[in-house]
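Along the sequence shown, residues are numbered consecutively beginning with 1.
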Amino acid sequence: MAIKKHLPNALTCLNLLCGCVALTLILSGNRIGSPYTISMQDVAPDHVSTIFKLIPLEDAAYLIGLAAVADFFDGLVARALHVSSPIGKDLDSLADMVSFGVVPGAILFKLLQLALPDSLPSWLTYLAFTVSIFSALRLAKFNNDTRQTNSFIGLPTPACTLVVASLPLILLHDSLGVSGIILNPWVLLGLTMLLSGLLVAEIPLFALKFKNLRWQDNSLRFVFLLLSVGLLLVLQATAVPVIILLYVLLSVLRPATS
C-alpha cells in the first residue's frame, strides 16, 4: 500500500498520543521528563502551591494545542490525497474522544479541585466530566448527521477543548487579573454547563474548510482568521475564549455556507 494512504491516520494517531500524554500529566501532576522548573521570585507564598498544581496543566494545554493541529490536518491531508476512508473517520472520532473529550473534563476537574472551598461538597468536582459526556454525544451525532458535511451543528469538540485548555495558561500568565474570576467554582461549573450545551446545540457553525482561496467564497473564514491572529497577538492565551466566542457569534450572525 502507498505510504500516502497512511499519512492521515498517522496524524490522527499523533492527536491520540498527545491526548494520552496530556491526560497522564493532568492526573499525575508531573511535567514531561523533568521536575518543576519555575522561578518563585515575585510569587506570593500563598500562591506557590496553586502554581505548582497548574504547571502540569500548562504542559497538557500545549499538547492539546498540538493535538488540535494534528486533528485539523488529518482531514485536510485525507481530502487532498483522496484517501478518506470509514476506518479513518472512526479512528478520528476515537482519538477526539480522548484529546477533546476526556482531557477537557480532567482539566476542569483539577481546576474545580483548586477552586472548591471546604464549605461546598467535593462531589461537585465530578460535574466537570459533563463536558466529556456531551463530547461523546457530539462526536456520535457528528458521525451520523449528514447536515455536517461542510459545516457544523453545535460547537466542535476541539473548539470546546481549546477554551478549557486555555484556562491554566491564563491563570499562570494572568496580565489582566482574571484569576479570581476563573478560580470561582460557580464560574467553572457554569462554564462546564455552557460548553456542554453548546456541544449539542442546534446552532449552525461554519467550518474552516477551504475549497479554494477566493475571497468571495471564503470571506467569513478569512475575516475570522485575521481577527483571531490579531487577538492572539494582543491577548495571547486570554484570546482563546474570546476567539471561540467570536466564532460562535460570526456563525450566528452569518449562517454557515458550504
Side-chain angles (χ1 to χ4, degrees), residues 64-65 67-69 71-72 75-76 79 92-93 96-97 99-101 104-105 107-108 127-128 130-167 169-170 176 178 181-182 186-258:
I64 289 306
V69 172
D71 182 60
F72 176 80
L76 187 67
R79 291 188 295 273
D92 184 68
S93 292
D96 285 355
M97 185 56 218
S99 298
F100 310 123
I107 291 175
L108 286 168
L127 292 178
T130 305
V131 163
S132 302
I133 295 169
F134 277 81
S135 294
L137 292 171
R138 171 73 178 86
L139 291 166
K141 180 181 177 182
F142 176 78
N143 279 353
N144 294 278
D145 192 342
T146 57
R147 299 173 298 168
Q148 300 192 58
T149 303
N150 296 307
S151 61
F152 299 118
I153 305 294
L155 188 67
T157 54
C160 170
T161 301
L162 289 176
V163 172
V164 175
S166 71
L167 299 180
L169 300 179
I170 296 171
L176 299 178
V178 296
I181 298 173
I182 295 175
W186 300 114
V187 170
L188 287 171
L189 288 170
L191 180 64
T192 299
M193 299 308 156
L194 174 62
L195 291 173
S196 298
L198 287 174
L199 285 167
V200 296
E202 288 290 314
I203 302 174
L205 303 172
F206 67 88
L208 290 176
K209 296 179 181 179
F210 292 84
K211 293 182 179 179
N212 57 65
L213 295 177
R214 291 196 297 268
W215 173 267
Q216 61 186 20
D217 295 329
N218 300 286
S219 59
L220 183 62
R221 298 175 181 87
F222 282 130
V223 168
F224 172 69
L225 289 175
L226 289 171
L227 290 174
S228 297
V229 170
L231 286 167
L232 284 170
L233 290 174
V234 175
L235 299 176
Q236 299 180 338
T238 310
V240 176
V242 179
I243 289 171
I244 301 305
L245 176 60
L246 176 67
Y247 171 59
V248 174
L249 290 177
L250 286 176
S251 296
V252 172
L253 294 175
R254 183 174 176 181
T257 58
S258 59

Distance-only criterion, 3.5 Å: show the donor-acceptor pairs between side-chain atoms of residues 186-196 and protein atoms not counting sequence neighbours.
residue, atom, partner, partner atom, Å
T192, OG1, L188, O, 2.8
S196, OG, T192, O, 2.7

Between V164 and P104, the two heavy atoms sitting closest are CG1-O, 3.6 Å

Side chain to side chain donor-acceptor pair (under 3.5 Å) filter on S93, not counting sequence neighbours, yields N143

Enumerate donor-acceptor pairs with a distance under 3.5 Å from any side-chain N or O in residues 156-163 to protein atoms, sequence neighbours excluded.
residue, atom, partner, partner atom, Å
T161, OG1, F100, O, 3.2
T161, OG1, T157, O, 3.0

Any side-chain heavy-atom pair from I170 and P241 closer than 4.5 angstrom? yes

CG (L250) and CG (L220) are apart, to the nearest 0.5 Å, by 5.5 Å

Between the CG atom in L198 and the CD1 atom in I203, the distance rounded to the nearest 0.5 Å is 5.5 Å

Would you call L227 and L246 a side-chain contact if the rule is heavy atoms closer than 4.5 Å? yes

For L127 and T130 the tightest heavy-atom approach is O-OG1, 2.7 Å

Contacts of L245 meeting side chain to side chain contact (heavy atoms under 4.5 Å, CB included) (sequence neighbours excluded), chain-then-number -> L249

Students often mix this up, so state it plainly: with edges at 30° and 60°, are the rings of Y247 and F224 parallel, tilted or perpendicular? tilted

CD1 of I244 to OG of S228, rounded to nearest 0.5 Å, is 7.5 Å

Those residues at least two apart in sequence (or on a different chain) that pass side chain to side chain donor-acceptor pair (under 3.5 Å) with S99 are N15

The reported gap from CG in L205 to CD1 in I153 (rounded to nearest 0.5 angstrom) is 7.5 Å

Scanning both residues in full, the closest heavy-atom pair of S166 with V240 reads CB-CB, 3.7 Å

Taking every heavy atom of G105 against every heavy atom of S132, the minimum-distance pair comes out as CA-OG, 3.6 Å

L137 vs L199, side-chain contact (heavy atoms from CB on, under 4.5 Å): CA-CA, chis, key distance, verdict: CA-CA 8 Å; L137 292 171; L199 285 167; over 6 Å; no

* When the ring planes of F142 and F152 are compared, do they come out parallel, tilted or perpendicular, using 30° and 60° as the limits? -> tilted

Residues pairing under salt bridge (Lys or Arg N to Asp or Glu O under 4.0 Å) where one sits in residues 199-208, two or more places apart or in two chains, turn out to be K141-E202, R147-E202

To the nearest 0.5 Å, atom CD1 of I243 lies from atom OG1 of T238 at 10.5 Å

